[in-house]
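Notes follow the structure.
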2 protein chains.
Amino acid sequence: MVTIKQVAVHAGVSFKTVSRVVNNDPTVKDINREKVLKAIKELGYRPNRAASLTRRKNSNIYAIIADELLSVPYTFDIIRGAQEIAWQKNKELLILNVNETQASIDRAIESLLEYRVEGVIYSAMYHRQVVVADELKKIPTILANCFPALNNFPCVVPDEQQAGEDITDALICKGYRRIAFLNLNEHIIAAKGRKQGVINSFKKHGLPLDDLLIESVIIGQADGSEISTSRESAARVIDEFKPDAIICGQDPMALEIYFVVHDKGMIVGKDIGIASFDDWGSIPQLLQPNLTTMALPHHAMGRWAMEYLIDQRTDIVHHSLPFKLIARDSF
Amino acid sequence: MVTIKQVAVHAGVSFKTVSRVVNNDPTVKDINREKVLKAIKELGYRPNRAASLTRRKNSNIYAIIADELLSVPYTFDIIRGAQEIAWQKNKELLILNVNETQASIDRAIESLLEYRVEGVIYSAMYHRQVVVADELKKIPTILANCFPALNNFPCVVPDEQQAGEDITDALICKGYRRIAFLNLNEHIIAAKGRKQGVINSFKKHGLPLDDLLIESVIIGQADGSEISTSRESAARVIDEFKPDAIICGQDPMALEIYFVVHDKGMIVGKDIGIASFDDWGSIPQLLQPNLTTMALPHHAMGRWAMEYLIDQRTDIVHHSLPFKLIARDSF
DNA sequence: CTGTTAGCGCATTCAA
DNA sequence: TTGAATGCGCTAACAG
């Protein structure tokens, strides 16, 4: 490996001048800068990050711990958002994928500490509560798409209730008055919040709750897995409740419902409204007709979390999105 | 930050002994090891990776450049596979997500070089040809799920033709004799290879090609986007060609076809076979009945690529999966 | 604007 | 089995 000294000799300057050029120090005469840059190119010099990190006070490295997050396409947006800000601010972003095992998380945290990472985003696959290792208290840390069991870390999470209210508002504004909400299983945080939001919207508009039907369509199985009954439920709800709009809590569900509605199209008419929480990027395109979506763009969470870390501010601007930041005096 | 020297003072040994303990050098007396470990724990010492890397000859860091790969769930398996091997062999794996822009790739490569990464996996979102920067010639590099335009890097890619042959073999073994293959657009590499494989299987078994219908169901739009006509095609094919089995080139397509078959179930009977290339992990569960899948487990590609890098061998064991390794004398 | 000196935290070498 | 000296490649602090 070619070092800064070899470049210096080649360029006929001191190695400190080379260092200055590499670090964009403006106090170098143009002629010397040229010589150095030429030498760097000719020798194929690359700064050694490890050596530089030993002397620099800040590592400039941030990390995102992705709790098997990458396996779900829409939550990958959290990483993309974080990366966007990191690059913008000239920081390195370490992506650490961990699975649910404590061993892999511990190993990730160990790496973080050894690399002297300056800030950490801990993110989860779906909106839920997590237990965060105390070890992370040593580094500025913020959670994204999850919140801490012990209430001891700041976090940015979807405002499910607001999203539920917004999407229902939108349907009501379009003139729909009898709405079925096919919700996720209510033990899921997202489902709980959205349900409350939907109800709030109905109340706010002075509509009778008799015209609102809320049903869970995810059923837990004996073996711990879950199945969706959205197809059957939608068919039954359309027949029996006769809604003029349906809200879907889940897009794959929405996809299925699309077909149900399509089949039933001859019966209930084509003007049934479908509203969907737009977690999955591409699917709504399939559902163009009559579709209202409530975007929960996860990249905003990633961006937000990263800004919070880098700028160490709690007064982040409002994103006018259904997210909320729960800040704490943790760093 | 607490350093190795502070630990040494605290433990009453020289800092070199601490270094030995940290690096699992067996030539340390147990009693001293205990003292050191105790001191490390008490002071919360963490080795400084940067400092250690300046002296060590090998960085132990590998990297995977993910070409917007993370946005597709099944290709994330490539990363998971690579990580599995890396962890197993006690290597760090840097995940570098890049988008299609040259700037982001260049930046990633710059990082690689500065971190003195020992090996690189360059992976793409879908099986295709890529142009790899010459810069990567300086580091052992292997491509995964893509192949180099200039034929100058080793790569591991799905053996689409073998997969096509295997899946057709499987259907024929089950007794199906009249098969429709709803393929991806034929300009896609995967589609081309699979088609050939399907035909080969038919010929191999001495079946008449009249009983084989192959159709592209992905149509390019004027605006560059693509739409799937699988639903309509499947409906028509079922009516007109009357296959006793359908091979789907794509799982989302398979999902849609499931409904088609389901709708038509009353007409053509439940014994229509469905075979699918299993790129997407979860969807096949929805398709249990009559489903044959040909797994293209991307994690195997990740594992394979990583083994190739770490062990620097070209004689990787055969994985009995439809993948092929194209090795070159590049490192 | 440039160069010299010092030293980051650690591993290597070699002597004890 | 341990420790002292040395230096990795670089940046900080200062002097010129």
Side-chain angles (χ1 to χ4, degrees), chain A residues 1-40 43-61 90 92 110-118, chain B residues 1-40 43-61 90 92 110-118:
Chain A
M1 273 291 116
V2 26
T3 74
I4 208 170
K5 284 184 184 173
Q6 298 173 35
V7 175
V9 171
H10 195 85
V13 295
S14 85
F15 74 92
K16 182 62 221 185
T17 300
V18 179
S19 170
R20 288 199 175 93
V21 171
V22 169
N23 292 290
N24 290 317
D25 186 327
T27 73
V28 176
K29 259 203 301 201
D30 277 352
I31 180 131
N32 279 333
R33 183 184 309 280
E34 298 304 328
K35 283 198 288 189
V36 169
L37 289 175
K38 186 159 165 284
I40 286 177
L43 299 181
Y45 166 77
R46 292 280 167 176
N48 182 327
R49 286 297 279 266
S52 132
L53 287 180
T54 56
R55 302 283 3 223
R56 223 189 277 278
K57 46 185 173 296
N58 51 347
S59 69
N60 251 321
I61 305 175
N90 248 292
E92 295 280 337
E110 204 166 306
S111 289
L112 292 182
L113 292 167
E114 295 187 3
Y115 281 109
R116 303 298 191 256
V117 156
E118 292 179 40
Chain B
M1 272 292 116
V2 26
T3 75
I4 209 172
K5 283 184 186 172
Q6 298 173 36
V7 175
V9 171
H10 196 85
V13 296
S14 84
F15 78 90
K16 181 59 225 183
T17 300
V18 178
S19 169
R20 288 200 176 93
V21 171
V22 169
N23 292 291
N24 291 316
D25 186 327
T27 73
V28 175
K29 262 202 299 201
D30 278 352
I31 180 127
N32 280 332
R33 183 185 308 280
E34 298 304 329
K35 283 198 288 189
V36 169
L37 288 174
K38 187 158 164 285
I40 286 176
L43 298 181
Y45 166 77
R46 293 278 168 177
N48 182 327
R49 285 296 280 266
S52 126
L53 287 180
T54 56
R55 302 287 359 234
R56 223 189 279 277
K57 45 184 173 295
N58 51 345
S59 69
N60 252 321
I61 304 176
N90 248 294
E92 295 281 335
E110 204 166 306
S111 289
L112 291 183
L113 292 167
E114 295 188 3
Y115 280 111
R116 303 297 192 255
V117 157
E118 292 179 40

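Here is how names work: the chains are called A, B, and so on, in the same order as the sequence lines, proteins then strands, and each is numbered from 1.
A:Asn58 places no side-chain N or O within 3.5 Å of a backbone atom of A:Asn60 that could act as its donor or acceptor partner.
Taking atom CD of A:Gln6 as the reference point, atom P of D:dC8 lies 11 Å away to the nearest angstrom. Look at NZ on A:Lys35: it is 15 Å from P on C:dC1, rounded to the nearest Å. Separating the CD1 atom of A:Ile40 from the P atom of D:dG9 is a distance of 16 Å, rounded to the nearest angstrom.
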- prompt: Where do A:Arg20 and A:Val13 land on the side-chain contact (heavy atoms from CB on, under 4.5 Å) test, with the steps shown first?
  reply: CA-CA 11 Å; A:Arg20 288 199 175 93; A:Val13 295; over 6 Å; no
query: Going through the checks in order, is the side-chain contact (heavy atoms from CB on, under 4.5 Å) test met by A:Met1 and A:Arg46?
result: CA-CA 8 Å; A:Met1 273 291 116; A:Arg46 292 280 167 176; 5.6 Å; no
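Side chains of A:Asn48 and B:Arg116 form a contact here, defined as non-hydrogen atoms less than 4.5 Å apart. When side chains are defined from C-beta on, A:Tyr115 does not count as touching A:Glu92, because their heavy atoms never get closer than 4.5 Å.
Under the side-chain contact (heavy atoms from CB on, under 4.5 Å) rule, B:Arg33 has a single partner from B:Leu37, B:Val36, B:Ile31, which is B:Leu37.
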Would you list the protein and nucleotides 9-12 of chain C atom pairs, both N or O, that sit under 3.5 Å from each other?
{"from": "C:dG9", "atom 1": "N2", "to": "B:Thr54", "atom 2": "OG1", "distance (Å)": "2.7"}
{"from": "C:dC10", "atom 1": "OP1", "to": "B:Tyr45", "atom 2": "OH", "distance (Å)": "2.5"}
{"from": "C:dC10", "atom 1": "OP1", "to": "B:Asn48", "atom 2": "N", "distance (Å)": "3.1"}
{"from": "C:dC10", "atom 1": "OP2", "to": "B:Ile4", "atom 2": "N", "distance (Å)": "2.5"}
{"from": "C:dA11", "atom 1": "OP1", "to": "B:Asn23", "atom 2": "OD1", "distance (Å)": "3.2"}
{"from": "C:dA11", "atom 1": "OP1", "to": "B:Asn23", "atom 2": "ND2", "distance (Å)": "3.0"}
{"from": "C:dA11", "atom 1": "OP1", "to": "B:Arg56", "atom 2": "NH2", "distance (Å)": "3.4"}
{"from": "C:dA11", "atom 1": "OP2", "to": "B:Ser19", "atom 2": "OG", "distance (Å)": "2.5"}
{"from": "C:dA11", "atom 1": "OP2", "to": "B:Asn23", "atom 2": "ND2", "distance (Å)": "3.2"}
{"from": "C:dA11", "atom 1": "N3", "to": "B:Arg55", "atom 2": "NH1", "distance (Å)": "3.1"}

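Residue A:Thr27 is in base contact, counting any heavy-atom pair closer than 4.0 Å across all strands shown.
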